[in-house]
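Quick notes on the structure that follows.
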Amino acid sequence: MTNKTIAERAVYDKTIGIVNNNPLGRGFAHPIDLAYRNGELFVLNKHPVFARVGVCNYREDYLREFGTYGHGDGQFWLPTGIAASDDGHIFVCDEFHNNVSVFKVSGEFVTNWGRKGSESGQIDGPSGVAISQDKNILVVDQNNHRIQEFTVEGAYVRSWGEFGTGPGQLNQPWGITTGKDGSVYVADWGNDRVQQFDTQGTIIGSFGGPTEDEGGLHRPSKPAVDEDGYVYVSDWGNESVKIYAPDGRYIQGLRGEATLSKWANEFLDANPDESIQRDISNLMPDLPDHFNTPYLISTQIESYFWGPSSVIIDKTHRLYVVESSRHRIQVFNLV
């Protein structure tokens, strides 16, 4: 991809998903994050009782699932973030267990590590995980307002960040990703911005902010960055995705354009009564004046994002937007 400054950088493609409040089988249950590796999508479901990782692909083949709800090895209670390494491992952080669980991509449990606390190497409410340029594990230490770096075995390497509103400071950070040059991008949830750091934790830049402008953010949940340095942010509080140029300029906003997924169409074909009710429903109604917030509007307009919790970009330049409240993923092509 070459440098482009066009107004439209992401174009809607398709939707993947359907609700499935069961521990097994096709579908999602409050998906919270997503990882990509070798054409497979690892969808982290946060639903109480039905927490798990479901594996599918762009073609909407449902491949397998792993992880269950509980307190034992290979189990989750409040899973929050997921990442995939090049060597074939999946890392899942859990803000209740205050640990990181490690699996093979096949779903086989390997180990877990982490202990609650505020000392170096201890974690309190991990909310995001990513792979560093050095193949270490970056963990968003939410309640300690910092980023910590560990080896894949869980040995502490370094940390940066502290509570505050200034450059480089954090307030309840959430999602995290890395760029082509190794830069680390953190969704600074409580400060309504995304901050960019170098590999040692030195602040480089900032995106968004707590403003009323269309490029402002409100409780951003996760960033993604393409190979040209454009930054894509799931803007949870505004029920949208915001796109920024590498220099921080806002260039595009996405509100959601969902269509029925392959799974949803197959369900409706098998359940004609449901299909009839859908056909007579108004899925984009005129809303009363008091429905005047992004949240209230999204609850009523089916095609819009509702609870955009994560974004990732795959190797073929597709942007995936995870919607926790509608149990689906909207896919956009980057142009």
Side-chain angles (χ1 to χ4, degrees), residues 10-69 76 79 82 84 90 105-107 234 239 241 254-285 298-334:
V11 178
Y12 176 76
D13 178 16
K14 65 182 292 187
T15 295
I16 301 171
I18 192 171
V19 64
N20 180 7
N21 291 334
N22 290 288
L24 301 172
R26 183 177 68 177
F28 308 137
H30 292 292
I32 191 71
D33 198 9
L34 173 66
Y36 174 88
R37 183 182 182 276
N38 289 351
E40 293 186 336
L41 303 170
F42 296 81
V43 183
L44 181 62
N45 296 275
K46 195 178 182 179
H47 187 286
V49 182
F50 302 125
R52 62 185 184 274
V53 176
V55 188
C56 62
N57 58 27
Y58 170 79
R59 297 187 304 273
E60 298 176 73
D61 302 315
Y62 191 77
L63 305 173
R64 59 190 179 278
E65 64 272 310
F66 59 87
T68 58
Y69 184 68
F76 316 124
I82 188 169
I90 302 297
V105 291
S106 61
S234 50
E239 307 287 355
V241 170
L254 307 175
R255 195 68 173 87
E257 304 176 51
T259 51
L260 285 174
S261 70
K262 173 184 173 182
W263 302 346
N265 276 311
E266 290 175 350
F267 172 83
L268 292 172
D269 287 345
N271 296 272
D273 289 346
E274 296 271 2
S275 183
I276 291 170
Q277 289 302 311
R278 177 181 173 81
D279 289 342
I280 64 176
S281 298
N282 184 359
L283 301 177
M284 190 169 283
S298 280
T299 62
Q300 303 301 307
I301 307 296
E302 187 194 57
S303 61
Y304 285 3
F305 299 132
W306 185 15
S309 57
S310 177
V311 286
I312 67 162
I313 297 170
D314 72 10
K315 299 298 184 182
T316 62
H317 312 304
R318 294 189 185 106
L319 173 71
Y320 297 81
V321 182
V322 178
E323 288 183 72
S324 182
S325 297
R326 284 207 168 93
H327 319 284
R328 68 189 180 190
I329 298 166
Q330 292 197 44
V331 186
F332 294 77
N333 291 317
L334 302 186

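All figures in this text were calculated on a predicted structure; none of them were measured in a lab.
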- Exercise: identify the closest heavy-atom pair between Pro31 and Ser309: O-OG, 3.4 Å
- Residue pair Leu260, Arg278: steps toward the side chain to side chain contact (heavy atoms under 4.5 Å, CB included) verdict: CA-CA 11 Å; Leu260 285 174; Arg278 177 181 173 81; 3.5 Å; yes
- Item | Under 3.5 Å: donor-acceptor pair, side chain of Lys14, backbone of Tyr58 | yes
- If you look at every heavy atom in Gly39 and Asn57, which pair is closest and at what distance? O-CB, 3.3 Å
- Query: Between Ile312 and Leu34, what is the shortest heavy-atom contact and its length?
  - Reply: CG2-O, 3.2 Å
- Polar side chain donor-acceptor pair, Tyr62 to Asn20, under 3.5 angstrom: no
- Compare every heavy atom of Ala29 with every heavy atom of Arg52, then report the nearest pair and how far apart it is. NH1-CB, 4.1 Å
- Query: Are any side-chain N or O atoms of Arg326 and backbone N or O atoms of Tyr304, one a donor and one an acceptor, separated by less than 3.5 Å?
  - Reply: yes
- Any salt bridge between Arg328 and Glu302, counting N to O under 4.0 Å? no
- Side chain Asp33, main chain Ile82, donor-acceptor under 3.5 Å: yes
- Message: Run Cys56 and Trp263 through side chain to side chain contact (heavy atoms under 4.5 Å, CB included) and show every step you take.
- Response: CA-CA 12 Å; Cys56 62; Trp263 302 346; 4.2 Å; yes
- Query: For Ser325 and Gly307, which heavy atoms make the closest approach, and how far apart are they?
  - Reply: OG-CA, 4.1 Å
- Any donor-acceptor N or O pair under 3.5 Å, side chains Arg255, Ser303: no
- Message: Working note: Phe305 + Leu254, criterion side chain to side chain contact (heavy atoms under 4.5 Å, CB included); need CA distance, chi angles, decisive distance, verdict.
- Response: CA-CA 9 Å; Phe305 299 132; Leu254 307 175; 3.9 Å; yes
- Task: Mind checking ring pair (Phe, Tyr, Trp, His ring centres under 6.0 Å) for Phe50 and listing every partner two or more places apart, or none if nothing turns up?
- Result: His47
- Message: If you apply the rule side chain to side chain contact (heavy atoms under 4.5 Å, CB included), what do you find for Ile16 with Val331, and how did you get there?
- Response: CA-CA 8 Å; Ile16 301 171; Val331 186; 4.0 Å; yes
- Item | Atom pair NZ/CZ of Lys315 and Arg37 - distance to nearest 0.5 Å | 10.5 Å
- Item | Test item: His327 side-chain N/O and Ile18 main-chain N/O as donor-acceptor pair under 3.5 Å | no
- Is a side-chain donor or acceptor of Glu60 paired with a backbone partner of Lys262 at a separation under 3.5 angstrom? yes
- Item | Shortest non-hydrogen contact from Thr15 toward Gln330 | OG1-CG, 4.0 Å
